[in-house]
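Following: one structure in structure tokens, then a few remarks.
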Amino acid sequence: MSVVLEQIFQVGFLAAIIRIATPLAFATLGEMFSERAGVLNLGIEGIMLLSAMTGFTATSLSGSLWLGVLAAVLTGALMGAVHALFTVALGLSQHVCGIGVTLFSSGLAYFLYRLIFGQQSVPPSIKSFETLPIPVLSDIPVLGPAVFNQFSLVYMAMAAVPLAAFVLYRTPWGLSVRMVGENPRAADSAGVSVIATRFQAVILGGALMGLAGAFLSMVQFNAFTFGLVSGRGWVAIALVVFGRWDPWRSAGAALLFAFVDALQLRMQASGLGHIPYEAFLMLPFIFTIVAMAVMSRNAVAPSALLKPFRREER
Amino acid sequence: MPAPLIEMRGISKSFGAVVANEAVDLSVAPGEILGLLGENGAGKTTLMNVLFGAYAPDAGEILVQGRPVTINSSADALAAGIGMVHQHFHLAPRLSVLENLLIGIPGKSGRIDRAGGLARLREIGRQHGLTLDPDLPVSALSIGEQQRLEIVKALFRGARLLILDEPTAVLAPTEVDGLFSALRSMAAQGLGIIFISHKLNEVRALTHRCVVLRHGRVTGRVDTPASTTSSDMARLMCGHEIVPPARGPSTPGAPVLILDGISTSRHSGMALRDVSLSVRAGEILGIAGVSGNGQRALAEVISGVLAPDAGRMTIAGKMVSRFSPRGVQALGLGRIPEDRMTTGVVTNLPLADSMVLPRIGTAAFSRNGLLRPDAIRAFAEAQIKAYDIRCPGPMTRAGALSGGNLQKALLARELAFDPKVLIVSQPTRGLDIGAARFIHEKFLDMRARGCGIIVIGEDLEELLMLCDRIAVMYEGRIVGTLDSAAATVARLGLMMTGAEGHG
Ligand SMILES: Nc1ncnc2c1ncn2[C@@H]1O[C@H](COP(=O)(O)OP(=O)(O)OP(=O)(O)O)[C@@H](O)[C@H]1O
Ligand SMILES: [Mg+2]
């Protein structure tokens, strides 16, 4: 085990944690906004995949990375709007619609990808973002190169956490989001449009999920593959619970998960070879299940989560 | 007389086949407190929801200071200066007082305007004696404080007309005094107030004028409530005389329920401390006290939901060894819980299902592990008829029933099985006088047939009328028990503040 411990405090290991945590942080914050407004978005897995595809495609066709990011964000927002249309405007089951969005988005992603790129023996790739060292800060030993010599999307994720907390807790809109997630009737009778607020929160959530997808295809893998998301969306849903619907805690949960994931990658590589690698792969998920079981006991979900709002019902 | 602040003309509103309001005219002048009276289901709440923009009327118009306005949402109503305190509060328990207050209020340079909110909160508090701690979560507030918050919320938004839908149903008598003085102070400043209540003595004490609704129509107006008798008002509401039932002398038998030194811990509210009491067959025992002094724990112990840490309980001569709702029920206990909607019925299931729920496993309603839907339906139908429960039928969603009808249904469900002991909490909360009388008569019937009844309540006049003896609870103890012949509202009120009484 000492081999493992040695590895933990290496620049590469810390950087790996940050890199794994980034898409999870975007996705978790996105899901959190949606759920805080009372809308569970099980479409997250598919939305991430579709956004990863559109982002990759836009960059691949235009050569501009930021255009790709924009495409991914817009895709996420659009799919968020679709989910909101069914669950908020029409009041349909959030479970069913969410799974529908995931199935539809995944199918569409595969279909469009094949349509645009055809079947190629070598999958097309793009030239990824390059790391952007932050002056001074990146000179701090160990921490500097790991945390402050990163991709701009990583910095965006770092900024997104305090920003999300500010928006949620300090702005009138954030208060409206929390209120429609706790007691939509109270928001309605205070003159806040429940439908509009929920739409906005789910669309913002979708846009953040789009960023998560963009990071996967444009930074982490530089390519679009069908297994690109591989359950990260579902993990984000668990992390929201683990993080008790709070931006800081959710980001913390994402970091913790990333730590376990990075650890298992190292363990796979570090000569514990007699154990089948699948055993290591399971580690982060076992961690998630255990953490959920322990933490979710006293976690309280937004009271109006899953409940559609209809004004004239009593 | 000053020009009306608000005028409603010819308002009609139906829900499917149910006509809730029909051609209703109503107006409120500045500084006027208008009482809105009517039986359960008369359409009071619906009419106010139309005024507040929660429901769209089918016909009619609303004028604010003489000008017609369209009110399509609560936002429109608030903009027109109309605020409403609902029967069930519209608050988010996990958010703070200030957050609940500032919801929907535009911020200052993009942020929630905390300082401005605090200043206004203090100002309103000073003006009308409505003080609140801004940073407490709403879940930590008493019901009275939550209501205060709702009123402050309306004033905060600049309401010139305040609608209060049965505000006193949830308050202790002392809290009612505080509310009334705040309302009078607001009226003195020129606010219009619409006050809904089933308690006619309150209506007579507070309001300047009354409008009576019946089956959705205005059937009467009272211009001088203070000098109109309660029974005259009751006649306008129900269309016939309401005579209070007379409690004849009784000949109590052997004790049917004995609590001996019951103490509890681990209770979210006030725990019980060494509570002993007994109820005899054919006797009604009242439990008076300001709510939150252990009444809920007492009801839960007696109905088997909460196991005490110490003490013994005996029902009809048999000691309760294992506390469970089914166990005490098998010994002959019937129970009508305090909150009809959450612990009384399953609001989304048909009424018939809720009416048999406590006994769903018995031979009457299931056989070989399967339900007998016909038997369940027949039972519900019979009870609906016997108790005149107004609803489209046994398969109606329970949550759609009005409060009074729901209470009748729960009463029917318990009484059908001839309990030896019946425990009820706040039996007539939110019920109109007619429905309340009906419930009272049923209790007295049961008493005559040898049932022992415990009534937990805050309405002292009701307890004095109904009960043979009244025990007063304070901080989890019974501080004294009075024969109701010797009890007065004043004496009970004093004991409720913790002063010792003599048994
Ligand atoms: N949202 C709704 N959907 C269907 N029917 C309704 C709805 N709201 C009210 N009703 C019906 O309209 C009628 C009037 O109800 P309303 O709640 O206005 O009575 P109320 O006078 O306030 O009675 P209470 O004194 O019990 O509060 C009742 O028959 C009720 O069942
Ligand atoms: Mg009502």
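Within every chain, numbering begins at 1; the chains are lettered A, B, ... in the order of the sequence lines, protein sequences first and strands thereafter.
In this structure, chain B has no heavy atom under 4.5 Å from any part of A:Val167. Only the side chain of B:Arg157 has a heavy atom closer than 4.5 Å to any heavy atom of chain A. Using a 4.5 Å cut-off between heavy atoms, B:Leu91 contacts chain A through its backbone alone, with no side-chain atom that close. Within the 4.5 angstrom heavy-atom criterion, only side-chain atoms of B:Leu78, from C-beta onward, approach chain A. Heavy atoms closer than 4.5 Å to chain A are found in both the backbone and the side chain of B:Asn100. Only the side chain of A:Phe166 comes within contact range of chain B, with heavy atoms under 4.5 Å apart.
Side chains of A:Thr87 and A:Gln94: a donor-acceptor N/O pair is absent below 3.5 angstrom, by distance only. Side chains of B:Asn21 and B:Ser12: a donor-acceptor N/O pair is absent below 3.5 angstrom, by distance only. Side-chain contact annotation: A:Tyr169 with A:Asp246, donor-acceptor N/O pair under 3.5 Å present.
Residues passing the side-chain contact (heavy atoms from CB on, under 4.5 Å) test with B:Val19, sequence neighbours excluded: B:Ser14, B:Glu22.
Using bins of under 30°, 30° to 60° and over 60° for the plane-to-plane angle, the ring pair A:Phe287/A:Phe242 lands in the perpendicular bin.
For the set A:Leu175, A:Thr197, A:Asp188, A:Val192, the entry with the most heavy-atom pairs within less than 4.5 Å of chain B is A:Leu175.
The backbone N or O of B:Ala54 lies less than 3.5 Å from no partner atom in the side chain of B:Asn49, so there is not a single donor-acceptor pair.
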